[in-house]
Amino acid sequence: MSIYRKCWSFASVIIALLVCVACVAPPAAPGASSAAPASGGETEIISWYYYDQNNTDPQANERVGNFYLAKTIPLFNEQFKGKYTWSNVPHDYNLALDLVTAVQNKGDIPDVMRMGASDLPTFIVNNTVQDLTDFIKSAPWYSELDPKALTACTGPDGKLYCVPISESPYVVFYWSDLYPNGFPKTTDEFLKEAAALKSQGKYALTYWGSTAFDGEAAGRYYFQVLSSFGGGYDDGKGSMLLNTPENIKAVEFMREIVTKGYSSESVFVGNFEEEAAFKDAEAGAFPTGFFVAYQYLNPLTSPKGTAYKSATAKDMEDAVKAGEIKIAPSFAPEGKQPGCHNDVFGFVIPNGAKNPEGAKAYINWVMDPTNGVDWVLNAGGGLPVAKSMLSNAAFQTEVFKQGATAGAASDCRAWYGSLLKIPEAKKIIATTLFDLIKSNPTADIAAALTKAQDEYNKNK
């Protein structure tokens, strides 16, 4: 089980409390003090990662990121000797929550922080991070960035609040022996394949369908299906919109998967139990984030009995290289584009940062392809959003090429759209859809969706 996923999910409870505090607490103004001097006359750049450069344990959950920092910090400091010294303060997976607290209380604030774009709405509501629009648009790497990634870093006011570096589209990983003709492109084709797999004693699909961790399923599974039908969660103006014809059809489809036994009970259990069905080839396919599958789905046993268990936890890469696992876009009704939630990772500069200019110098250093490829592979996760990095040989392996192709064929965007109250939205959406699909599969869909959206919107 990945600590990464568990801790971030737990954090949503605390985010809700912080958002409430932000309603009454005055916003923190950006700090005007100069950066702290470091040895040798350099100014210090403080970063926050959930990696620890001092952790040399080869079995540590985040050993790849830990080793990346241990290797890279000295290289940066040597290159910028006499000007900047980069120091990292390790945090646990609650670092986004720690940042909100630090800014609101004018505590110890980093100059730059690694983040996921799903944190951005919480940062914006709490006035936590700086507007980086001018910095990003004037940068030499701006024109290379994937527009979808830029959208994920854009606030409701149209300003850019984060620098996107890597992205992780939610696509489908499938066992090629169980889907010898490829993963179905349409929902009708999928249902036919699902029936055939059931007759062989296999599940067609496994997925995160539980309400665990305060509604993680909203982004991990439900959005992919709803958006493939042309639906979603919001009206584009900050209000929740669930009761639409597209969403109703999507719920009916998800009900059919469950009632006909095309997925196992594990999808509703939580605690990442749904992953086991795919890792053991009990289920033919798993819609999930590219980063999640690449980093955390291991070990693997194929339908043929081949075991993938590498010392470097690159099991997924090995299985894709062997052709036993392939990557595809999600299914969608005929004529529709497959839906896709897109995780985006990069940097923010907080309000109150003492050395924002140093932070920008550090970001520019990472965005240089010489350094950026290493960051994406070892500190970011997923695929690079800059064209020059994506064309690098490191991303020309089968797993990256198939992941990029599947993402490009999908309508990838942030699941929350214009919604800002992320903790509330996740819980309401996941609870409602779980009830309609699992607990009360004969309940009136439109009525339940209307009730859910009204619950969110009453306090918007």
Side-chain angles (χ1 to χ4, degrees), residues 3-4 6-38 43-54 69 84-133 135 153 155-157 159-163 213-214 345-360 362-363 416 419-427 459-460:
I3 298 175
Y4 168 87
K6 187 172 182 180
C7 291
W8 271 115
S9 302
F10 169 78
S12 61
V13 176
I14 309 300
I15 290 178
L17 297 176
L18 289 169
V19 171
C20 291
V21 170
C23 296
V24 295
S33 59
S34 60
T43 57
E44 188 173 31
I45 303 168
I46 302 293
S47 70
W48 281 7
Y49 280 82
Y50 57 78
Y51 307 132
D52 183 354
Q53 65 275 12
N54 297 315
L69 289 182
Y84 296 121
T85 294
W86 168 23
S87 300
N88 180 64
V89 179
H91 276 248
D92 62 20
Y93 298 116
N94 293 325
L95 78 172
L97 312 178
D98 293 344
L99 184 65
V100 175
T101 301
V103 171
Q104 289 190 343
N105 293 289
K106 300 182 180 179
D108 292 329
I109 300 169
D111 300 305
V112 62
M113 191 185 85
R114 180 204 185 278
M115 54 81 73
S118 57
D119 300 316
L120 197 59
T122 299
F123 289 156
I124 291 173
V125 166
N126 288 278
N127 194 32
T128 305
V129 296
Q130 297 184 21
D131 172 11
L132 300 179
T133 306
F135 166 62
C153 281
D157 55 5
K159 297 177 181 179
L160 290 163
Y161 289 94
C162 65
V163 177
F213 303 130
D214 295 307
F345 308 106
F347 292 117
V348 290
I349 299 177
N351 285 329
K354 293 180 179 180
N355 193 1
E357 292 309 309
K360 292 174 184 177
Y362 170 71
I363 293 171
Y416 45 84
L419 302 178
L420 292 178
K421 299 187 300 177
I422 303 304
E424 294 93 328
K426 284 169 53 180
K427 191 170 184 178
N459 295 317
K460 184 173 71 71

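Asp108 pairs by the side chain to side chain donor-acceptor pair (under 3.5 Å) definition with nothing, not counting sequence neighbours. Not a single side chain to side chain donor-acceptor pair (under 3.5 Å) links Asp52 to another residue, sequence neighbours left out. With sequence neighbours excluded, the residues satisfying salt bridge (charged side-chain N to carboxylate O under 4.0 Å, His left out) with Lys360 are Glu357. Asp157 meets the side chain to side chain donor-acceptor pair (under 3.5 Å) test with Tyr161; sequence neighbours excluded. In terms of the side-chain contact (heavy atoms from CB on, under 4.5 Å) criterion, residue partners of Cys153 (sequence neighbours excluded) are, by chain and number, Leu160, Cys162, Pro164. Tyr362 meets the side chain to side chain donor-acceptor pair (under 3.5 Å) test with Tyr49; sequence neighbours excluded.
Not one N or O on the side chain of Asp119 forms a donor-acceptor pair closer than 3.5 Å with the backbone of Met115. With hydrogens and angles ignored, the 3.5 Å screen pairs a side-chain donor or acceptor of Gln130 with a backbone N or O of Pro350. For the pair Asp111 (side chain) and Ile46 (backbone), a donor-acceptor distance under 3.5 Å is present. Between the side chain of Asp92 and the main chain of Asn94, a donor-acceptor pair closer than 3.5 Å is present. In this structure, Thr128 contributes its side chain and Ile124 its backbone to no donor-acceptor pair below 3.5 Å.
Relative to the ring axis of Phe345, Arg114 places its NZ or CZ within 45° and under 6.0 Å from the centre.
Closest approach of Pro121 and Tyr416 over heavy atoms only: CG-CE1, 3.7 Å. Scanning both residues, Phe123 and Ala96, for their nearest heavy atoms gives CE2-O, 3.5 Å. Nearest heavy atom pair, residue Tyr51 against residue Asn88, reads O-ND2, 3.3 Å. Considering all non-hydrogen atoms of both residues, Asn355 and Glu44 come closest at ND2-O, 3.1 Å. Across all their heavy atoms, Pro110 and Ala353 have their closest contact at O-CB, 3.6 Å.
The NZ atom of Lys426 lies 6.5 Å from the CG atom of Asp214; values are rounded to the nearest 0.5 Å. For the atom pair CD1 of Ile422 and CG of Leu120, the computed distance is 9.5 Å after rounding to the nearest 0.5 Å. The distance from atom CD1 of Ile109 to atom CG of Asp98, rounded to the nearest 0.5 Å, is 12.5 Å. One finds the NZ atom of Lys354 at 14.5 Å from the CD1 atom of Ile45 (value rounded to the nearest 0.5 Å).
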**Study point:** Step-by-step side chain to side chain contact (heavy atoms under 4.5 Å, CB included) determination, Asn126 to Val103
**Key:** CA-CA 9 Å; Asn126 288 278; Val103 171; over 6 Å; no
Review point. Is there a side chain to side chain contact (heavy atoms under 4.5 Å, CB included) between Leu99 and Met113 once you walk through the steps?
Key: CA-CA 9 Å; Leu99 184 65; Met113 191 185 85; 3.9 Å; yes
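Side-chain contact between Ile349 and Leu132 is present, with at least one heavy-atom pair separated by less than 4.5 Å. Side-chain atoms of Asn459 and Lys421, non-hydrogen and from C-beta on, do get closer than 4.5 Å to each other. In this structure the side chain of Trp48 never reaches within 4.5 angstrom of the side chain of Val112, judged on heavy atoms.
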